[in-house]
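All remarks here apply to the structure that follows.
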Amino acid sequence: MQKEKLYGKILDELIDVTRRVGLPGFAAKQIADWLYKKDIQSIMEMTNISKKKRELLSAEYEIGLYDPVSVTESTDGTKKYLYKVLNDKYIETAFIPDKARATICLSSQAGCKMGCIFCLTGKQGFHGNLSSNEILNQFRSLPEYSKLTNIVYMGMGEPLDNLPEVLKSLDILISDWGYGWSPTRITVSTIGMINSIKEFLNKSRCHLAISLHSPFDEERRRLMPVQKTNTLKEFLEIIRNFDFNNQRRISFEYILFKGLNDTPIHIKELARMLNGIKCRINLIRYHSIPGLQYQSPDIKTINSFKEALNAKGILTTIRASRGVDIGAACGLLSTIEQNKIKKGC
Ligand code: SF4
């Protein structure tokens, strides 16, 4: 019988666990403390719980941590880890060191159903939602775990399409009984799922990054099919009407494709569309993907695009490309691994 995993459970779920094994409710906080503060590997290490109860717990539960199956390292220090999930699927987790910062990029789903045309993860199709255990295991089992300063949910999958498990993982990261991280060091990215954005904004205090990629409906729809039912207009209305406090940041991710969305008309429309929204645009250079005809603009065009937006009052930065030599495009390594399985390698 497969045991249930304790790691990844929120406090209410741990209270249920204590009831099942006949422990008092306050023991849930003790268990959370062992899981998320003391970083134990085995239930028998929970020494403030009686040996008998630990044995009862161990009969039904396990901690549920597991190591990555492989790592690929870039010359710039970026590392990409592969984790096995859902029995035979692979997800990628990136570790990105940058001077005093060390960021982990978490995956929230195996594959993705959103089908963005420029994305290799989207081309894999959807294999399943990650549990809070599988999301947070990427963080806790990362060899560089103790160095981390920032967390972004920008890996494989659409986090707001797996909102219950993503919210659980965020709860564990920011609660006092969990890791106690500041929500201002965590950013969740979305392609703009209208139904979930409101819930996310109301239930979490973390930063939000929205993948924009074009200010024009039709062009955006061609890049991101989600635009058919989740329009720019609708999600911008939600953002405009939400009361962000000063602590919380909203940013827009904008991948630049040569000759497609890097023109003066795009600059003008972006400035018009985002007028009055306190936000930042992060420009991202497109990383080519085998079989796709898109190209990245040259650095001069990227810089001019940035300067033109800044001149129009939209705070704009360029995200440095990291891990280019190990396949910066998200989904590349897991696709290779997945293909090996298909071919029986
Ligand atoms: S860009 Fe994000 S939402 Fe779109 S297919 Fe890729 S993983 Fe899914």
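Any value given below was found using the heavy atoms of this structure, including those in side chains, with hydrogens, waters and symmetry copies removed. As the structure lists them, so they are numbered: ligands from 1, and atoms in each ligand from 1.
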Among Asn282, Leu283, Leu212, find the residue that satisfies the side chain to side chain contact (heavy atoms under 4.5 Å, CB included) test when tested with Glu253.
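When Asn282, Leu283, Leu212 are each tested with Glu253, the side chain to side chain contact (heavy atoms under 4.5 Å, CB included) holds only for Asn282.
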Just by distance, no angles: are the side chains of Tyr81 and Glu144 close enough, under 3.5 Å, to form a donor-acceptor pair?
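Per modelled atom types, Tyr81 and Glu144 side chains form a pair under 3.5 Å.
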Please tell me whether His213 and Glu219 have a donor and an acceptor in their side chains that are separated by less than 3.5 angstrom.
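Absent: no donor and acceptor within the cut-off.
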Nearest atoms (heavy-atom pairs only) where Leu160 meets Ser196:
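Shortest heavy-atom contact: O-OG, 3.2 Å.
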Non-hydrogen atoms of Leu223 and Phe118 that approach each other most closely
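Where Leu223 meets Phe118 most closely, the heavy atoms are O-CE2, 3.8 Å.
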Using 2.8 Å as the cut-off, note every protein N, O or S atom close to atom 8 (Fe) of ligand 1.
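As for protein N, O or S atoms lying under 2.8 Å from atom 8 (Fe) of ligand 1, they are Cys112 SG.
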Donor-acceptor contact present, side-chain Asn261 to main-chain Leu256, <3.5 Å:
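No; judged by distance alone, with no hydrogens or angles, the pair does not exist.
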